[in-house]
Amino acid sequence: MTERTQRKALRVAGIYGLLVVVPVLVSIALLTGSDVDGSRTAQAEAVAGHPLAQLLLAIAVVVAACKAAGWLMRRIGQPAVIGEIAAGIVLGPSVLGAAWPEGAAAIIPPAILPQLNVLAQVGVVLFVFLTGLELNTKLLRGRGHLAVVVSHVSIAVPFVLGVLLAAVAYAKFAPQGVGSLAFALFLGVSMSITALPVLVRILKDTGMFRTEVGVVALTCAVVDDVTAWCLLALVVALVTASSLTGVLLTIALAAAFVAVLFVVLRPLMARIINRTNDVTLRRMAPLALVGVLLCAMATEWIGVHAMFGAFIFGLVFPRGNAVERWLHDNTGGLTTALLLPLFFAFSGLRTNIGLLAADASLWLWCGAILVVAVIGKLGSAAVAARSVGEGWNRSLQIGTLMNCRGLTELVVLNVGLDLGVLSPTMFTMLVIMALISTAMTAPLAVWLAKRNGERLNGDVRQLSEAT
């Protein structure tokens with residue numbers, strides 16, 4: 001993008017903000033602030049009679065806020081997802097709800113939260129499907145031992161540290177009625193996550209995507225991602241099943257589901273796609289979304305969460321064809337532009353930093369969680385990479401990149417909160433941990449690369465726009 005085009009885009013954004021966003025906010029302020037002759041009650045009743053209008057207003061504000069914050073983060077060298085997550089928190093009780101409760105309730109009324117949650121969950125299902133679809137397993141060729149060792153060590157060590165932390169934190173933070181096993185398992189999983197899609201964006205934004213260390217980190221993250229989703233499915237099965245027999249049945253059904261997709265559905269889809277011309281495939285492409293939803297429904301019914309089915313369907317879907325291209329061009333844009341911001345907003349509405357203000361010791365707990373997460377993930381990945389022959393500087397780069405959590409962490413945390421395993425306070429502290437660990441990834445990785453004398457490839461600004 002040329003400098004002239006950038007200036008034009010900024011001018012258009014400024015005019016839009018001045019003539020559209022500001023009048024909307026002023027209108028909301030007037031509507032929520034006036035209370036003449038009972039008008040506030042009348043206005044509330046009128047607004048309550050238009051749930052679609054409420055939902056559309058909330059979606060518009062959320063998408064605009066997330067995109068504006070994402071653009072701002074890219075300008076300072078951070079991935080857009082940092083700004084998008086932060087925008088969700090700002091719109092929630094932590095900032096807007098605390099500073100202007102009436103405005104927050106007018107923009108995102110509690111009555112529309114169920115609809116917002118449904119749209120957000122659909123966005124997550126599509127996002128996880130695209131994650132599976134975009135996994136490039138060819139990266140594992142020649143690096144299988146490195147990928148398996150680094151990824152599994154960087155899952156096992158933080159998982160164990162999370163379990164140990166849970167043993168200490170259980171009495172203070174576990175919701176009433178939640179067993180210590182369930183609480184420990186979810187805290188362990190939350191410490192073990194690497195966000196592959198966010199890592200790809202960071203590697204492109206920093207120009208490290210085609211460097212050797214970038215390819216190594218991406219290879220490790222591929223194995224990490226598959227392992228983490230399977231681990232989450234196992235933990236959900238253990239938490240939701242009411243007995244040992246129920247756990248074994250859930251695991252058996254999940255294994256049968258995976259086997260059917262790999263052994264039966266994968267070759268069948270490949271055969272159909274290979275025998276069909278591109279024009280017909282493009283017409284049939286929307287049926288792939290039907291497959292995503294059916295697979296997500298199946299695993300939700302089995303008891304290992306809808307995301308697992310969507311992810312496995314993405315893994316088995318044939319690559320390099322017109323249907324895949326259609327999915328990237330259409331579903332990818334809709335998901336990232338519209339549905340994922342709703343997920344960020346819904347997560348932000350559940351994140352209340354004010355819960356930590358009541359007790360200073362909670363900030364110490366938050367710091368301890370951050371330290372355990374960073375040492376467990378970054379430290380273990382670095383040591384593992386060093387043990388298989390990488391130098392210390394490159395090992396630290398790999399560990400830094402593997403410490404990126406981002407959106408995937410939010411997905412896991414929301415699952416834990418929905419199941420009642422994580423309390424709102426613990427959820428908030430883990431969201432803060434995810435934000436900080438993701439935000440530190442890009443600057444630390446670039447600093448280590450420059451310290452090692454590596455030349456980063458690509459134009460950061462151009463790559464940011466491409467992603």
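The figures here come from the full heavy-atom set of this structure, side chains too, leaving out hydrogens, waters and symmetry mates.
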* Got more than 12 heavy atoms from elsewhere within 6.0 Å of CH2, W363? ->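 Yes, because the 6.0 Å sphere around CH2 of W363 holds more than 12 heavy atoms from other groups.
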* Asked: Which residues pass the salt bridge (charged side-chain N to carboxylate O under 4.0 Å, His left out) test with R325, sequence neighbours left out?
  ->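 Once residues adjacent in sequence are excluded, the partners of R325 under the salt bridge (charged side-chain N to carboxylate O under 4.0 Å, His left out) criterion are D278.
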* **For D224, salt bridge (charged side-chain N to carboxylate O under 4.0 Å, His left out) partners two or more places apart** =>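 Only K377 meet the salt bridge (charged side-chain N to carboxylate O under 4.0 Å, His left out) criterion with D224.
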* Asked: When you look at T425 and M429, which way does the side-chain contact (heavy atoms from CB on, under 4.5 Å) test go after all the steps?
  -> CA-CA 6 Å; T425 302; M429 291 191 290; 4.2 Å; yes
In a table with atom names and distances, give each donor-acceptor pair under 3.5 Å that connects a side chain of residues 304-315 to protein atoms at least two apart or in another chain.
unit_1	atom_1	unit_2	atom_2	d
H305	ND1	M307	N	3.2

Within the structure provided, determine whether [X] and [Y] are in side-chain contact (heavy-atom separation under 4.5 Å).
X    : Y    : result
L116 : L55  : yes
T428 : L362 : no
I108 : V62  : yes
E324 : I273 : no
F257 : L261 : yes
F344 : I89  : no
M284 : V323 : no
T240 : L419 : yes

Locate the shortest heavy-atom distance separating [X] from [Y]; write the atom from each residue and the value.
X    : Y    : answer
I112 : A58  : CD1-CB, 3.4 Å
L196 : A221 : CD1-CB, 3.6 Å
Q54  : P109 : NE2-CG, 3.6 Å
P101 : G97  : CG-O, 3.3 Å
G83  : A69  : O-CB, 3.1 Å
S151 : C220 : CB-O, 3.3 Å

With sequence neighbours excluded, what pairs up with [X] under the side chain to side chain donor-acceptor pair (under 3.5 Å) test?
X    : answer
Q121 : N117
T245 : none
N277 : T280
N403 : R405

When rounded to the nearest 0.5 angstrom, what is the spacing between [atom1] in [X] and [atom2] in [Y]?
X    : Y    : atom1 : atom2 : result
L130 : T336 : CG    : OG1   : 8.5 Å
T351 : L91  : OG1   : CG    : 11.5 Å
L253 : L248 : CG    : CG    : 11.0 Å
T250 : L238 : OG1   : CG    : 9.0 Å
L234 : T227 : CG    : OG1   : 12.0 Å
M402 : I193 : CE    : CD1   : 10.5 Å

* To do: For side-chain contact (heavy atoms from CB on, under 4.5 Å), just list the numbers for W326 and H328, CA-CA rounded to whole Å, side-chain angles, deciding distance to a tenth of an Å, and then say yes or no.
  => CA-CA 5 Å; W326 185 90; H328 280 296; over 6 Å; no
Can you give the donor-acceptor pairs under 3.5 Å from side chains of residues 165-191 to other protein atoms, not counting sequence neighbours?
unit_1	atom_1	unit_2	atom_2	d
Y170	OH	V178	O	2.6
S190	OG	F186	O	3.4
S190	OG	L187	O	2.7

Which donor-acceptor pairs under 3.5 Å do the side chains of residues 406-414 make with protein atoms, sequence neighbours left out?
unit_1	atom_1	unit_2	atom_2	d
N414	OD1	R350	NH1	2.8
N414	ND2	S347	OG	2.9
N414	ND2	L410	O	2.8

* L327 vs F317, side-chain contact (heavy atoms from CB on, under 4.5 Å): CA-CA, chis, key distance, verdict -> CA-CA 11 Å; L327 289 168; F317 200 88; 4.1 Å; yes
* To do: Apply side-chain contact (heavy atoms from CB on, under 4.5 Å) to the pair L444 and L378, showing each step before the final yes or no.
  => CA-CA 11 Å; L444 186 55; L378 191 158; 4.2 Å; yes
* **Residues in side-chain contact (heavy atoms from CB on, under 4.5 Å) contact with Q78, at least two apart in sequence or another chain** =>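 M73, I76, I82, A439, P443.
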* Asked: Pairs in or reaching into residues 76-100: which pass salt bridge (Lys or Arg N to Asp or Glu O under 4.0 Å), with residues at least two apart or in two chains?
  ->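 Pairs touching residues 76-100 that pass the test: K67-E84.
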Only distances under 3.5 Å count here; give the side-chain donor-acceptor pairs of residues 287-296 to other protein atoms, sequence neighbours excluded, each with its distance to 0.1 Å.
none

* Would you say R266's side chain and V264's backbone share a donor-acceptor pair under 3.5 angstrom? ->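 No; zero donor-acceptor contacts below 3.5 Å.
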